[in-house]
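Below, read A as the first sequence line, B as the second, and so on, with proteins coming before strands; counting in each chain starts at 1.
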Protein chains: 2
Amino acid sequence: MQGPGEFVSGQVRSVREKVDQLAGTVAAEAQQVSAVRSQVGEYIREQRNAARVSLRELARTAGVSNPYLSQVERGLRKPSAEILAAIARGLKISAESLYEQAGMLDRRAGNPDTVAAIRSDEHLSERHRAVLLELYETYVREHAATGGTAAADAPSTTQDHPAGAPPAPHPSKESA
Amino acid sequence: MQGPGEFVSGQVRSVREKVDQLAGTVAAEAQQVSAVRSQVGEYIREQRNAARVSLRELARTAGVSNPYLSQVERGLRKPSAEILAAIARGLKISAESLYEQAGMLDRRAGNPDTVAAIRSDEHLSERHRAVLLELYETYVREHAATGGTAAADAPSTTQDHPAGAPPAPHPSKESA
DNA sequence: CAGGGGTGCTAGCTCTTGCAAGCGCAGCAG
DNA sequence: CTGCTGCGCTTGCAAGAGCTAGCACCCCTG
């Protein structure tokens, strides 16, 4: 039979254990959140450096303030989807890629073979398939020639299309 | 020859016209933003009603406050991606569907497998991925518009605007 | 040297998001 | 009737997003 003192100290110990446990969970989550911020920030800086663009220039083309972009890159702030989309536009990359880095969007498991996917894609005409495949091969070669470094993203290397590639109209869209 | 009074009143009228024009633009944008808020809010309410779930119950399972959920449904607040993901979980629907309704994410045309293959292809830089996706989507739209005939290869131009990027936020004044 | 241009960052501020506390209404049971 | 539970909504607030004004540093030119 426990005495009252023993019972109380048992309860205190039990509460302490629970608090410790919750504190651990909270700390772990905070760490995770901070890591995700740094991840998208690091990624943005990488892409920016690869494109040889200054922080100010990217902020200008993205339409965000340069101090804020600096804070985002350093993981001090967590940008909204809207800001991420703007930064993606400035970087000329897809917004989805930044959403993924930010943990907002899961990377969809796709067919690991891009060539096979394009070849068997029934949404495309034969000619368009050929154009896409040629462009793809060109990009892969460029990527390989630069040792897989992101230097392939420098502006001077991304504006060219292979000869024979018919330009496509930009689909009109956009609603705020 | 104009008199000074006529010149001034002409200037005033010109300024008024410009102000009216800008006010119209601002109002139109505000309307658009408000419409998108209502759109995702309406969509959430529709899904909630379809699931026969009360606002409080959904707020509980989603882990958001019920007044806030109410405001979101009525278009009074613009929820973050995190909140949208939580609501999607509560509704047992995909977060992407809510992102789309919120205008954060554009639905990609074409075969999802091809899109996923390009997006996850590590032989490509992020910029090249964006270019290929843009071109792919353009071709898919052309293919669909012409009923899939091989004559669908009219000249067109790609622009540096990835399909995944919603419009830019309001441009900020450069701080430097 | 001073001045100009570039770079990225600090600090203070305003506005928006998301919350807690609580409201008013309806329906039901005792 | 009162008290309880459910419903969705109002209000005020704290925290954080994103901005502006400006700083510190670097390099170059006259």
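Looking only at distances, a side-chain donor or acceptor of S120(B) sits under 3.5 Å from a matching main-chain atom of A116(B).
Distance from the side chain of R48(B) is smallest for dG8(D) among the nucleotides dG8(D), dG18(D), dT20(D). When the nucleotides dA20(C), dC9(C), dG8(D) are ranked by their closest atom to the side chain of N66(B), dG8(D) comes out on top. For L55(A), counting side-chain heavy atoms from C-beta on, the closest listed nucleotide (dG18(C), dC9(D), dC9(C)) is dC9(C). Ranking dG18(C), dG18(D), dC9(C) by closeness to the R77(A) side chain, first place goes to dG18(D). Counting only heavy atoms from C-beta on, S80(A) has its side chain closest to dG18(D) among dT17(C), dG18(D), dT20(D). Distance from the side chain of S70(A) is smallest for dC9(C) among the nucleotides dT17(C), dG18(D), dC9(C). Closest to the side chain of Q71(B), out of dC19(D), dT17(C), dC19(C), is dC19(C).
If you check every strand for non-hydrogen atoms under 4.0 Å, I83(B) touches sugar and phosphate atoms only. In this structure, V72(B) reaches neither bases nor backbone, as no heavy-atom distance under 4.0 Å exists between it and the strands shown.
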(request) Do nucleotides 23-29 of chain C as a string where each nucleotide becomes B, S or -: B if the base has a protein heavy atom under 4.0 Å, S if just the sugar-phosphate does, - if no protein is that close. (result) -------
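Each of Y68(B) and S54(B) was assigned the nucleotide of DNA chain D with the nearest heavy atom; the assignment lying further toward the 5' end belongs to S54(B).
Residues E137(B) and R141(B) are paired through a salt bridge, judged by an N-O separation under 4.0 Å between the basic side chain and the carboxylate. Using a 4.0 Å cut-off between charged side-chain N and carboxylate O, E134(B) and K92(A) make no salt bridge.
For the salt bridge (charged side-chain N to carboxylate O under 4.0 Å, His left out) test, residues two or more places apart in sequence or in another chain that qualify with R129(A) are E126(A). Residues meeting the side-chain contact (heavy atoms from CB on, under 4.5 Å) test with V140(A), sequence neighbours left out: Y136(A), H123(B), L124(B). For R107(B), the salt bridge (charged side-chain N to carboxylate O under 4.0 Å, His left out) partners at least two apart in sequence or on another chain are E100(B). Applying the salt bridge (charged side-chain N to carboxylate O under 4.0 Å, His left out) criterion to R74(A), with sequence neighbours excluded, gives no partner residue. Under the side-chain contact (heavy atoms from CB on, under 4.5 Å) criterion, E73(B) pairs with I44(B), R45(B), R48(B), L55(B), L69(B), not counting sequence neighbours.
Contact annotation: R74(B) side-chain N/O to dT10(D) OP1/OP2 distance is under 4.0 Å.
K78(B) has its NZ atom 8 Å from the P atom of dG18(D), to the nearest Å. Atom-to-atom, CZ of R52(B) to C1' of dC7(D) comes out at 17 Å; the value is rounded to the nearest Å. Distance CG (L76(A)) to C1' (dG16(D)): 13 Å, rounded to an integer number of Å. Rounded to an integer number of Å, the gap from CD1 of I44(A) to P of dG18(D) is 11 Å. In this structure, CD of E73(A) is placed 7 Å from P of dC9(C), rounded to the nearest angstrom. In this structure, E57(B) atom CD and dT5(D) atom P are separated by 17 Å, rounded to whole Å. Put simply, CG on L69(A) is 12 Å from C1' on dG18(D), counting in whole angstrom units.
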